[in-house]
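The figures here come from the full heavy-atom set of this structure, side chains too, leaving out hydrogens, waters and symmetry mates. Numbering starts at 1 and runs along the sequence shown.
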Amino acid sequence: MGFNARHYFIAIIAIVTVAFIIAGCSNTDGGKMSKPPVAVEITKVSHENIRDIGTFSGTLSPRSSFTVSPKVAGRLQRLTVDIGDVVHSGQMIAVLDDEEYVQDVLQAKADLAVAQAQKVQTESALNLASRELERVKTLREKDFVSESDMDQAQSEYDAAYANHQVANAQLEKRKAELKSAEVRQSYTRITVSWEEGPATRVVGERYVDEGAMLTPNSAIVSILDNSSMTAEIDVIERDYPKIRIGQPAIISTDAFANEDFVGKINRIAPMLQESSRQAKVEIDVPNPDGNLRPGMFARVQIEFQTHENAIVIPTSALARRNEHEGVFIIDRDTMTAKFVEVQTGIRQDDRIEVIKPELKGEIVVLGHHLLEDGGAIRLPNAKPQNNGEMSK
């Protein structure tokens, strides 16, 4: 009884072992043949125009701006403009308390009057000394006066002449002091002016209120020229060689999401910042309607180049195998996909240019992550092929 049971147990173990061996052989020898086709989506290789477009972000600033400040100290008596007001060149926008400067002008005028009187006085004394000198010379020629009298008359004339010269200098000094006092008084009437650009500009900011005590160069308001904007962007080292003066650019903003503004590159920094490896680029953007405002966030697109009739595929078709980038080209006759290494060029949105080889036909765009070179595929809506071994 025990002997039969032992033989029965050994037979069971033998059967299980053979079964494992058969299963292992089946998995190693026929694994590839039994692997099911991979379901994929495909598209045709196309020939299209593709553009190399750089996309950047930046900030809009006015074409020009300056801050209006007083040249002299004083209390701000009146401010005639505010934020958003339009001003023209030569317009007075603020007045300082000028009482002190008026007194300076009056004092300068009084000093000038004294200098003028002194000039008249010294001129009269000079005339007298001149006549006396001529008289003494005449008498000396006839030996009616001594040599010392002659020297005395000459000395008095020289002194009168010197006093007259000093009086003339004092008069000119007082005239200059009066002019300076009048100029300082005029500085209490603060105006705006510019040489180039449109006839009018706009007040951007107000920094002080009426009644404030101002020192020279204290900011009162800022004046902006919004007739044209400047979009400032940073360009990375890879795109820097593609930038050139006069290149067109398309600018869009959040405020006017459905409107594009056309500008041109006007300035390119001659160097890249070492910390960021980026260069400043300025783009002039005409703003005749005044819609664009300083400080707006700007999205900038610059077209570097366009390739016409290029081989174009979806970026989703790209796959990597053994550190090589390529695509899977399908063969409908054998229903397999072959991996072909490619060299790519311009990338635009979800499309990319293939420089070489000359691709044609259909390629896999979805499911290639499961594919191997020469692997079987199954297309959407296509009936799967029966495997011979499985049908037995």
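- Applying the ring-ring contact (aromatic ring centres under 6.0 Å, His included) rule to pairs touching residues 320-373 yields F328-F339, sequence neighbours excluded.
- Sorted by first then second residue, the ring-ring contact (aromatic ring centres under 6.0 Å, His included) pairs that include residues 261-305, not counting sequence neighbours, number zero.
- Among residues at least two apart or in separate chains, there is no ring-ring contact (aromatic ring centres under 6.0 Å, His included) pair with a member in residues 65-122.
- For residues 360-369, the pairs satisfying salt bridge (Lys or Arg N to Asp or Glu O under 4.0 Å) are R332-E362, with sequence neighbours left out.
- For residues 318-331, the set of pairs meeting the salt bridge (Lys or Arg N to Asp or Glu O under 4.0 Å) definition, not counting sequence neighbours, is empty.
- Under the rule for a salt bridge (charged side-chain N to carboxylate O under 4.0 Å, His left out), E237 has no partner lying at least two apart in sequence or in another chain.
- Partners of R131 according to the salt bridge (charged side-chain N to carboxylate O under 4.0 Å, His left out) rule, which considers only residues two or more places apart in sequence or in another chain, do not exist here.
- When hydrophobic residues (I, L, V, M, F, W, Y) are linked wherever their side-chain heavy atoms come within less than 4.5 Å, the members clustered with L106 are V102.
- Among residues at least two apart or in separate chains, salt bridge (Lys or Arg N to Asp or Glu O under 4.0 Å) pairs with a member in residues 38-55 are E48-R351, R51-E303, D52-K242.
- Residue pairs meeting the side-chain hydrogen bond (donor to acceptor under 3.5 Å, both in side chains) criterion with at least one partner in residues 196-213, sequence neighbours excluded, are S64-R201, D82-R206, E205-Y207, R206-D209.
- Applying the salt bridge (Lys or Arg N to Asp or Glu O under 4.0 Å) test to pairs two or more places apart or on separate chains, those with a residue in residues 102-121 are D111-R174.
- By the 4.5 Å side-chain criterion applied to Ile, Leu, Val, Met, Phe, Trp and Tyr, V312 is assigned to a cluster that also includes I50, I346.
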